[in-house]
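Here is how names work: the chains are called A, B, and so on, in the same order as the sequence lines, proteins then strands, and each is numbered from 1.
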Amino acid sequence: MDFKLTDKPIDGAALMAGLRDTRAGACVAFEGRVRGESGGRAVTALDYEAYAPLAEKEGERILSEAREKFGVTGAVCAHRTGSLALGETAVWVAVAAGHRDAAFKACRYIIDETKARVPIWKREHYADGATEWVSCATRAGTAGGGAGGGKNAG
Amino acid sequence: MDFKLTDKPIDGAALMAGLRDTRAGACVAFEGRVRGESGGRAVTALDYEAYAPLAEKEGERILSEAREKFGVTGAVCAHRTGSLALGETAVWVAVAAGHRDAAFKACRYIIDETKARVPIWKREHYADGATEWVSCATRAGTAGGGAGGGKNAG
Amino acid sequence: MKKNVRVRYFAILREQRGLDEERVATEAATAGELYEELRKRHRFTLPADRLRVAINDDFGSWATAVRDGDALVFLPPVAGG
Amino acid sequence: MKKNVRVRYFAILREQRGLDEERVATEAATAGELYEELRKRHRFTLPADRLRVAINDDFGSWATAVRDGDALVFLPPVAGG
């Protein structure tokens with residue numbers, strides 16, 4: 001499994017080292033971290049929740065697509081679940097390829113598609129005590145204590 | 001100094017960790033490694049040589065340009081000098097920014113400009129015993145034992 | 001004819017339903033009909049056009065027929081990364 | 001009038017010259033003239049249009065005047081990364 005969900009801190013350096021290959025001249029990594037601000041509100045912590053069987057399946061599909069489209073020698077992604085403090089690593093993508101153009105494009109593809117397609121949800125905790133499920137606000141009801149859909153971690 | 005030349009192995013994880021900042025939701029890193037192949041020839045090792053005072057000055061300029069153009073919260077680059085074995089890290093760029101688009105663009109800008117502008121030279125050692133200064137071949141003379149300008153490390 | 005299905009809830013739906021998972025006996029013909037039935041019953045705030053549906057651990061469509069024994073998940077807008 | 005300058009060599013030029021650095025007494029008016037003088041003397045393979053020049057640790061141009069005491073570096077095509 002190259003796409004992993006984990007409730008433990010992510011060791012990004014180990015993920016990158018795992019991609020060593022004498023064909024690979026370029027390795028690009030993306031690390032998403034918990035930011036202290038979202039949509040103008042002070043954020044104090046995040047929770048991630050995943051629908052694991054489908055998240056892993058869809059994550060593996062995304063990695064396969066990236067390998068095929070960009071001809072990379074290796075691609076991995078790890079995503080946290082559970083409660084995260086400010087500054088903690090939420091997601092790590094690492095890609096190795098012969099040359100840098102493929103590595104940059106594949107890394108960007110993987111994080112963009114992961115954010116758009118993998119069933120993982122994020123609840124933000126704000127300094128005023130409110131919480132909110134990001135992107136789940138509606139006119140009829142708030143997303144759980146706040147209003148508006150925020151954004152965090154890259 | 002955020003642009004560093006070093007004759008010691010580069011600790012990329014430490015460079016990334018040094019960019020922690022609660023404003024930074026995204027960190028993108030590029031690692032260039034010594035590949036075992038260049039222009040169809042088997043490579044066994046590389047030497048990097050730098051004109052240090054100007055390399056550091058130009059490297060700092062590139063980092064400043066990236067900070068200004070892309071509004072990143074931090075940017076660092078380390079480049080090896082001396083002899084490197086296959087798979088070793090030749091260069092490491094790390095950028096942190098509020099969001100991922102700026103981090104990807106700034107990281108790509110820094111490695112592209114570093115390769116184009118910073119006075120660092122690379123000599124490839126081939127499996128057949130020849131060596132060559134990359135990009136220095138001429139019709140009148142070879143670049144030092146081989147022919148043609150090769151490419152390596154991303 | 002009633003079908004017995006398993007429904008799992010995540011994120012905002014889990015909170016609005018107040019549980020992770022339940023068994024539902026339903027006459028809904030499609031996944032879309034089942035969501036409307038549950039949305040009215042539990043006052044879920046998200047309309048179907050903001051969600052996707054998964055059936056037996058893979059993505060399905062709202063038109064997919066509901067069969068006895070299916071496991072369904074209604075997926076709120078994702079926000080990984 | 002002769003000017004005394006310091007020239008440092010890197011990479012392929014260092015190898016072709018056989019040393020890292022030398023003091024040169026020259027009548028060359030510009031950095032470009034100095035490179036041509038040294039290229040002929042030492043049979044450097046790279047033409048000036050493949051090089052850049054640095055004067056006193058910053059980039060200069062081939063038209064820059066050579067002054068007594070200058071430190072010059074002729075920069076072969078770079079290949080970092």
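Contact annotation for residues 56-87 of chain B against chain A (heavy-atom separation below 4.5 Å, listed by residue number): B:L86, B:G87.
Without hydrogens or angle criteria, A:T89 side chain to A:I10 main chain gives no donor-acceptor distance under 3.5 Å. Of the possible polar contacts, one joining the A:T6 side chain to the A:K8 backbone as a donor-acceptor pair under 3.5 Å is found.
Using a 4.0 Å cut-off between charged side-chain N and carboxylate O, A:E113 and A:K115 make no salt bridge. Checked for salt-bridge contact, B:R20 and A:E88 miss the test: no charged N lies under 4.0 Å from a carboxylate O.
For B:D11, no part sits under 4.5 Å from any heavy atom of chain A, backbone or side chain. Contacts between B:R108 and chain A at a heavy-atom distance below 4.5 Å involve backbone atoms as well as side-chain atoms.
When each of B:A94, B:G12, B:A102, B:C107 is checked for heavy-atom pairs under 4.5 Å with chain A, B:C107 comes out on top.
Of all non-hydrogen atoms in B:R35 and A:G25, the two that sit nearest each other are CG-CA, 3.1 Å.
Classification of the A:F104-B:F104 ring pair by plane angle, with boundaries at 30° and 60°, yields perpendicular.
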Go through it in stages, so that I can follow the logic: the residues are A:R33 and B:D21, the test is salt bridge (charged side-chain N to carboxylate O under 4.0 Å, His left out), and I'd like the CA-CA distance, side-chain angles, deciding distance and then a yes or no. CA-CA 9 Å; A:R33 298 171 179 168; B:D21 182 319; over 6 Å; no
